[in-house]
Chemist: 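My questions all concern the structure below.
Numbers restart at 1 for each chain; the letters A, B, ... are given by sequence-line order, proteins then strands.
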Amino acid sequence: MKRILIAVFFGSIFFTACMPKPNSGDLVKNMVVITDYNDTVNFSKKSYYYLPLDTLSYFNSTDNDPKDTLQCLKCKGYNSSLGDYANLITGELKSKLDAAGYTQVSAKQNPDFKVYVFVVENYNVYQSYSYNPYGYGYGYGYGYGYGYGGYYPTVSVSDQANLYIEFFDMKNKYKGKPNLIWYCDIGDLVSSPNYPEVTLKSIDQAFKQSQYIKK
Amino acid sequence: MKKTFVVLAAVSLFFAQADAQYYYDRSKNPDKKIIEKTGRDFDTFYFLSWDNNTPLSNTNFVSSTSYLGTKLGFRKRLNDVDRLWAGADFGWGVYKEYFPFNTYTFGSRSLSTDLYDYVYSYNLSASIDYFIFPMEKHVTPYGGLNIGAAYDKFAQYYNVYGGASGSWGVLIRPEIGVLIGIKENASWRIKAAFHYDYSSNSNSDFGYKNFTNIGFQIGLVKMAW
């Protein structure tokens with residue numbers, strides 16, 4: 001009788017503690033891809049885009065020098081910490097935009113829209129989006145345009161990184177500043193076992209779910 | 001008329017008293033045969049069951065049958081005719097469903113991911129069972145009712161992100177089942193039962209107005225005295 005009671009007691013504790021979660025390896029097979037756009041913009045009327053190749057911006061909360069954000073393969077020291085990741089991303093973007101019928105031009109050639117690519121690591125990005133769009137950024141002056149409201153899940157992971165791709169309308173400005181017309185949020189980069197390959201797959205998905213981006 | 005009514009009432013009370021004597025003091029009623037039990041006179045049992053459940057509410061979130069669940073409980077005999085047993089159950093179950101990579105569009109915003117939806121369900125209830133045959137039999141079918149409290153935690157996981165929310169509710173669980181022993185008045189028995197659970201747990205974040213499920217449990221019973 002006593003043994004039964006003990007067994008029931010420990011059994012209860014065991015089963016109460018039992019709260020299984022999905023396998024972490026399965027969870028990060030795919031990245032989450034979020035896109036949003038200004039639905040008053042007719043993307044078919046745009047022709048020329050500006051995209052700096054081989055570089056991207058990188059914001060990391062552990063970075064002591066927040067101005068030092070440029071990443072490229074040929075850069076030195078901290079500025080090359082992402083390796084050829086910038087090349088992969090900008091190359092894929094160029095491929096997608098060219099396939100959609102747009103033409104890449106230089107910044108001085110009066111592009112219709114500018115493509116801005118950056119990685120944010122270890123910031124509570126989703127909360128920032130909810131209450132202060134782009135409030136986490138510094139150094140590149142992209143804290144303008146309009147924000148997207150709505151629900152974003154809050155996250156609580158020790159380390160995470162997201163890739164952001166944004167299109168700014170350079171001709172129809174908002175209060176004199178470039179107007180954000182499309183953005184893409186891809187994450188998490190840190191937990192992915194093969195983030196370069198999965199990022200490319202995710203960029204492909206971003207364009208698939210944004211069929212309005214075509215000439 | 002009034003006299004007739006008084007006489008009828010007195011006679012009714014007399015028979016009621018006689019009936020009460022039969023149930024609660026059988027030794028004083030020589031006309032009735034007292035059932036002599038062979039072996040131990042079990043008045044308590046404990047059980048541990050494997051519980052399988054299929055959700056019926058908000059099946060857009062989770063519809064798959066859960067094979068991850070157990071029930072622990074005990075029953076105590078309430079009267080000497082061996083039929084009415086009361087006790088308590090603790091049960092838990094985990095429901096889960098995987099939704100492959102897909103795109104969800106809300107207005108101008110689209111989100112692509114694969115989703116893992118989970119419901120963690122816990123309940124504690126008081127129970128009363130009526131056994132059709134005496135407990136000495138090989139096979140003792142029963143019908144029962146549980147009333148108690150349930151806690152459900154609804155969770156959704158995608159990549160490293162996710163959200164979860166829980167709610168409490170009142171649980172009502174009718175149940176039919178059977179205890180099967182390998183011999184008469186066996187100490188160890190098998191329990192098999194079907195049950196329907198309704199709990200008032202609601203959660204607007206995950207689209208639940210209540211949580212209902214049907215389930216089948218099979219487990220071991222230890223009789224005690």
Chemist: Using every non-hydrogen atom in the two residues, find where Pro22(A) and Tyr116(B) come nearest and quote the distance to one decimal.
Modeler: CG-CB, 3.6 Å
Chemist: Let me know if Lys153(B) has heavy atoms under 4.5 Å from chain A in its side chain, its backbone, both or neither.
Modeler: side chain
Chemist: If you count every heavy atom of other residues, nucleotides or ligands that lies below 6.0 Å from Phe133(B) atom CZ, does the total exceed 12?
Modeler: no
Chemist: Side chain, backbone, both or neither: which part of Phe101(B) has an atom under 4.5 Å from a heavy atom of chain A?
Modeler: side chain
Chemist: Atom OH in Tyr161(B), atom CD1 in Ile34(A): separation rounded to 0.5 Å?
Modeler: 7.5 Å
Chemist: Looking only at heavy atoms, what is the nearest atom pair of Asn159(B) and Ser191(A), with distance?
Modeler: OD1-OG, 3.9 Å
Chemist: Shortest non-hydrogen contact from Gln209(A) to Ser110(B)?
Modeler: NE2-O, 3.2 Å
Chemist: Can you tell me if Tyr67(B) has over 12 outside heavy atoms packed within less than 6.0 Å of its OH?
Modeler: no
Chemist: Considering the options Asp36(A), Asn38(A), Asp39(A), which one meets the side-chain hydrogen bond (donor to acceptor under 3.5 Å, both in side chains) requirement together with Ser108(B)?
Modeler: Asp36(A)
Chemist: So which bits of residues 23-31 of chain A come within less than 4.5 Å of chain B, counting non-hydrogen atoms only?
Modeler: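 Interface residues of residues 23-31 of chain A: Asp26(A), Leu27(A), Val28(A), Asn30(A), Met31(A).
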Chemist: ring-ring contact (aromatic ring centres under 6.0 Å, His included) with Phe45(B): which residues, sequence neighbours excluded?
Modeler: Trp85(B)
Chemist: To check you understand the geometry: which heavy-atom pair defines the closest contact between Tyr118(B) and Lys21(A), and what is its length?
Modeler: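 Scanning both residues, the minimum pair turns out to be OH-C, 3.6 Å.
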Chemist: I'd like to know whether NZ of Lys137(B) has more than 12 heavy-atom contacts from other residues, nucleotides or ligands below 6.0 angstrom.
Modeler: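 Open.
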Chemist: In terms of heavy-atom contacts, does NZ of Lys96(A) have more than 12 from other residues, nucleotides or ligands at under 6.0 Å?
Modeler: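 For Lys96(A), atom NZ is crowded (more than 12 foreign heavy atoms under 6.0 Å).
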Chemist: How about NZ on Lys214(A), more than 12 heavy atoms from neighbouring residues, nucleotides or ligands closer than 6.0 Å, or not?
Modeler: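 No, not enclosed.
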Chemist: Should the heavy atoms of other residues, nucleotides or ligands under 6.0 Å from NZ of Lys171(A) be counted, would the total exceed 12?
Modeler: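 Yes, because the 6.0 Å sphere around NZ of Lys171(A) holds more than 12 heavy atoms from other groups.
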Chemist: With a sphere of 6.0 Å drawn around OH of Tyr48(A), does it hold more than 12 non-hydrogen atoms of other residues, nucleotides or ligands?
Modeler: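 No.
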